[in-house]
Amino acid sequence: GDEEMKVLCEWWPKCKKVGTLQLSSNAFTATGWDLLAEVVGREGAMPKLKELFAFNNKVKPSAKLREACKKRGVELVG
């Protein structure tokens, strides 16, 4: 759930080679997605990220995450 997303969001900015995130079938809510949006929107965080897959989660990705992905050119699917 969102607590796991919080931990992941502390770690992901250090990942310089990640091109794809697959986050499916989790209990994330809008709060968790918004945490990820902050990372996606952060300059220098996951610089190679191009795709984010988010299927079958508790709720669909938040508007904040969709906007962060769009701004950065990351394809958000799900």
Side-chain angles (χ1 to χ4, degrees):
D2 294 338
E3 286 301 313
E4 288 86 1
M5 180 67 86
K6 183 178 179 181
V7 171
L8 291 168
C9 286
E10 292 172 4
W11 179 72
W12 276 327
K14 299 171 187 154
C15 298
K16 303 299 181 193
K17 296 182 180 181
V18 172
T20 301
L21 287 180
Q22 295 186 11
L23 301 172
S24 299
S25 302
N26 294 289
F28 304 136
T29 68
T31 300
W33 294 125
D34 286 351
L35 290 169
L36 180 55
E38 291 176 22
V39 174
V40 171
R42 190 178 310 154
E43 190 171 334
M46 295 186 294
K48 296 190 181 218
L49 185 64
K50 297 293 177 202
E51 301 173 308
L52 197 164
F53 294 93
F55 293 105
N56 301 318
N57 291 289
K58 185 174 183 177
V59 298
K60 292 187 182 245
S62 66
K64 187 174 179 180
L65 179 57
R66 290 188 181 283
E67 182 59 32
C69 287
K70 182 179 178 182
K71 184 176 179 181
R72 178 139 166 222
V74 173
E75 181 180 7
L76 176 58
V77 182

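Worth knowing before you read on, the calculation uses all heavy atoms, side chains too, and leaves out hydrogens, waters and symmetry mates. Residue numbers start at 1 and run along the sequence shown.
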Legend entry - Heavy-atom closest contact (A68 atom, A37 atom, distance): CB-O, 3.7 Å
Legend entry - V74: hydrophobic cluster co-members (side-chain, 4.5 Å): M5, L8, W11, W12, V18, L21, L23, F28, W33, L35, L36, V39, V40, M46, L49, L52, V59, L65, L76
Legend entry - salt bridge (charged side-chain N to carboxylate O under 4.0 Å, His left out) contacts touching residues 18-27 (sequence neighbours left out): none
Inset, instruction - Can you tell me which residue pairs pass the salt bridge (charged side-chain N to carboxylate O under 4.0 Å, His left out) test with a partner in residues 21-48, sequence neighbours excluded? - result: E38-K64
Legend entry - Results of salt bridge (charged side-chain N to carboxylate O under 4.0 Å, His left out) for E51 - residues two or more places apart only: none
Inset, instruction - Would you list the pairs meeting side-chain hydrogen bond (donor to acceptor under 3.5 Å, both in side chains) in which at least one residue belongs to residues 65-78, sequence neighbours left out? - result: none
Legend entry - salt bridge (charged side-chain N to carboxylate O under 4.0 Å, His left out) pairs, two or more places apart, involving residues 18-27: none
Inset, instruction - Supply the members, apart from F55, of the Ile/Leu/Val/Met/Phe/Trp/Tyr cluster built from side-chain contacts under 4.5 Å; use none for a lone residue. - result: F53, V77
Legend entry - Non-hydrogen atoms of P61 and G78 that approach each other most closely: CD-O, 4.0 Å
Inset, instruction - Hey, could you give me each pair passing salt bridge (charged side-chain N to carboxylate O under 4.0 Å, His left out) that has a residue in residues 5-33? Not counting sequence neighbours. - result: none
Legend entry - side-chain hydrogen bond (donor to acceptor under 3.5 Å, both in side chains) pairs, two or more places apart, involving residues 21-30: D2-T29, N26-N57
